[in-house]
Amino acid sequence: MTLLDSLRTPEDLKRLPADKLPQLAAEIREFLVTEVSRTGGHLGPNLGVVELTMALHRVFDSPRDPILFDTGHQSYVHKLFTGRQDFSGLRTRNGLSGYPSRAESEHDFIENSHASTVLSYADGLAKANVIQRRADRSVVAVIGDGALTGGMAWEALNNIAAGSDRRVVIVVNDNGRSYSPTTGGLADHLASLRMTQGYEQALELAKTALNRAPVVGQPLYEALHGLKKGLKDAIQPQMMFEDLGLKYLGPIDGHDEQTVEKALRRARDFGGPVIVHCLTQKGKGHAPAENHEEDQFHAIGAAKPAPSAGEKPAPAPQKWTKVFSEEIVALGAERSDIVGITAAMLHPTGLAPFAEAYPDRCFDVGIAEQHAATSATGLAMGGLHPVMAVYATFLNRCFDQVLMDAALHRQGVTLCLDRSGVTGPDGASHHGMWDLSILQVVPGLRLAVPRDAPRLREELREAVAVEDAPTVLRYPTGAVGPEIEAVERLGTMDVLRRGARDEAAEEDSAGAAEDLLLVAVGPMAQTCCEVADRMADQGIGVTVVDPRWVKPLDPALVHEAARHRVVAVVEDNGRVGAVGDAVARTLRDADLDVPVRTFGIEQEFLHHAKRDDILAELGLTPQSLARKLTETVSRQAETADEEPASK
Ligand SMILES: Cc1ncc(C[n+]2csc(CCOP(=O)(O)OP(=O)(O)O)c2C)c(N)n1
Ligand SMILES: CC(=O)[C@@H](O)[C@H](O)COP(=O)(O)O
Ligand SMILES: [Mg+2]
């Protein structure tokens, strides 16, 4: 049995003799590399917090002292110490979440994987401890250097610093990276603090050497120490955290478990807000991760089965991100006013090639989507056309900036939302299921949902041509589907299939020449064409249209709807207030009394599982949609033949 096998609770860890901890750390790293390489997940961040998490659970008494993780992608080791060592189903249906999960353990608190929130939770929990006379308890918040570039973190620090009687231990897990090296003035300051660790070590060496030197040694060491203080002040003009009124401990080696324990005990016993600045390395102990320049194995995919002997590996499918990446580089060559903005996700959003081609025209603002959106508005006011690439779920973070900065000022800012719709293994706070709803209320904003690669290219070009309103494109994770050519374009809307109802069918009393108008939103076009084919086999006439721009909808949609018995809208977004509701409202406003059925994601928080499995569970498959719509059309046909038209 390994040491890791013997651990079921944090108490088991506390009982381990210190001299066993290096062996335990090695076992944990071997476990993480083996398991996460197979399942996929955040290998690099978790390899970087092995000793740190050991020390946390040996010093504090979780969950009495909550141990909180910002973003939560680095909580695998915490899970190992709190009774969860079966990683076989990590990030899959019914398997362990890749983030803390309150359903999994009392030791878990924050499930939201949106960065920079942990200090606010800690502030609240610490205030609750004081009010409820639990002031002897500590609240521990682990925040990465990347998450520390998010504005919320500084809002929280401002409040935490004001509570000298509140036991908040802030552990800065500083590995110098988000995905890429962390950017900005704060990152530089942290880097300069990291430098002092070098000074400390050098000084320790000097002190040891000098102490051996008779007589002259001690005074010389004092002089060196004074020099170091001067140097420190020179290099770090302001110890920012201490100026905020926060006790600062560090920087310390986050991989020296005993040093971390010692610092955490000091912090715990301080009795007020303390920052413990730990220097760590993402991917620590696994050379392929340590040496991975792009992101040190921040998030790796599940191992793919090796091709059988003689079998040629299938060509990698074209991904949505790659299509965007290529087109924005092409646009950058054609238009010198186009600039790129990322919130610490240069590679994952596909902006890296643009940044490589045009380094002066691409800005990584850190994990700061709110700043990104308003800075983009400033760039537009300054005569440029910014293209801001973010994951769809993180658009939520900057909704007010899109509304009251970009849209209110009618500025030509283009947002490209990757990972829209159901994403899958990252769970509830990562599914991009909100944007088609929340953006409906932004006056003047234009919203496109490309169905395939040519339409992404085409609609991106249409978007950057708009200079008096924000424009948005959204596309899903993973591989792009087959290209679907239109049979007709009506305004901005594409007709993909005309109903194939048998010729004998006359227009019914309601004037409907066709049975069903199927409005396919973006990539759901492939599913909807399959639905049309299935229903055609039942003799049901289905017209499939792709609006391309779902805001504003083209008036041609109303004319098409008037020729059909039923209208249905299928989208990969929460149903409430999304395109389906927009279509229904538009038809009502046109006094068109045609029934509208909307299909999408029920307005609930979705668990983690594979994207296709979740879409199937939601009924967003050709089989399920065809069955439901056949029933609807049949019912409507009976009703229409019984009642006079009211159109
Ligand atoms: C608001 C928000 N934007 C972007 C992301 C995507 N994201 C996940 S982890 C990460 C980097 C986090 O860096 P850091 O806080 O330093 O943690 P580390 O991975 O280095 O441990 C980013 C940008 C996110 N989770 N939340
Ligand atoms: C934690 C986080 O927000 C990201 O690391 C996310 O897990 C990446 O998702 P993709 O794998 O889709 O890029
Ligand atoms: Mg980091």
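These numbers were taken from a predicted model, which means no experiment stands behind them. Just follow the structure's listing: the first ligand is 1, and inside any ligand the first atom is 1.
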Less than 4.0 angstrom from a charged side-chain N to a carboxylate O is my criterion; do [X] and [Y] meet it?
X	Y	value
R84	E104	yes
K79	D86	no
K262	D256	no
E327	K322	no
E257	R58	yes
R102	D108	no
E617	R93	yes
R177	D295	no

What is the closest protein heavy atom to [atom], and at what distance does it sit?
atom	result
atom 22 (C) of ligand 1	Y179 CE1, 3.7 Å
atom 9 (S) of ligand 1	H298 CE1, 3.4 Å
atom 12 (C) of ligand 1	I367 CD1, 3.8 Å
atom 24 (C) of ligand 1	F394 CZ, 3.2 Å
atom 26 (N) of ligand 1	A115 N, 2.9 Å
atom 13 (O) of ligand 1	S178 CA, 3.4 Å
atom 16 (O) of ligand 1	G146 N, 2.7 Å
atom 3 (N) of ligand 1	E369 OE2, 2.7 Å

Please check if any side-chain donor atom of [X] sits under 3.5 Å from a side-chain acceptor atom of [Y], or the reverse.
X	Y	value
T182	D145	yes
S429	S113	yes
D70	Y121	no
N573	S437	yes
H57	H78	yes
D405	T377	no
T82	S105	no
D253	T259	no

In ligand 1, which numbered atoms sit nearer than 4.0 Å to a non-hydrogen atom of [X]?
X	answer
R397	1 (C)
G144	14 (P), 15 (O), 16 (O)
N175	18 (P), 20 (O), 21 (O)
H114	26 (N)
T71	8 (C), 9 (S), 25 (N)
N173	21 (O)
A147	14 (P), 15 (O)

side-chain contact (heavy atoms from CB on, under 4.5 Å) assessment of L80 paired with L7:
CA-CA 8 Å; L80 291 175; L7 302 183; over 6 Å; no

Compute the shortest N/O to N/O distance between [X] and ligand 1 and return yes if it is under 3.5 Å, no if not.
X	result
H73	yes
K282	yes
S113	yes
T182	no
A343	no

Using a 4.0 Å heavy-atom cut-off, say whether [X] meets ligand 1 through its side chain, its backbone, both or neither.
X	result
M345	side chain
D70	neither
D145	both

For ligand 2, list every N/O pair with the protein closer than 3.5 Å, one pair per line with the distance.
from	atom 1	to	atom 2	distance (Å)
ligand 2	3 (O)	H430	NE2	2.6
ligand 2	5 (O)	H42	NE2	2.9
ligand 2	5 (O)	Y179	OH	2.9
ligand 2	5 (O)	H298	NE2	2.9
ligand 2	7 (O)	H42	NE2	3.0
ligand 2	7 (O)	Y99	OH	3.3
ligand 2	7 (O)	D426	OD1	3.0
ligand 2	7 (O)	D426	OD2	3.0
ligand 2	9 (O)	D426	OD2	3.3
ligand 2	12 (O)	R419	NE	3.0
ligand 2	13 (O)	Y391	OH	2.6
ligand 2	13 (O)	R419	NH2	2.8

If you apply the rule ring-ring contact (aromatic ring centres under 6.0 Å, His included), what do you find for F87 with Y76, and how did you get there?
CA-CA 9 Å; F87 274 43; Y76 297 2; 5.7 Å; yes

Could you tell me if any non-hydrogen atom of Q74 lies under 4.0 Å from any atom of ligand 1?
no

Are the ring centres of [X] and [Y] closer than 6.0 Å?
X	Y	value
F394	H114	yes
Y391	H431	no
H73	H298	yes

Tally of protein N, O or S atoms, where distance to the Mg ion (ligand 3) is under 2.8 Å
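Count of protein N, O, S atoms less than 2.8 Å from the Mg ion (ligand 3): 3.
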
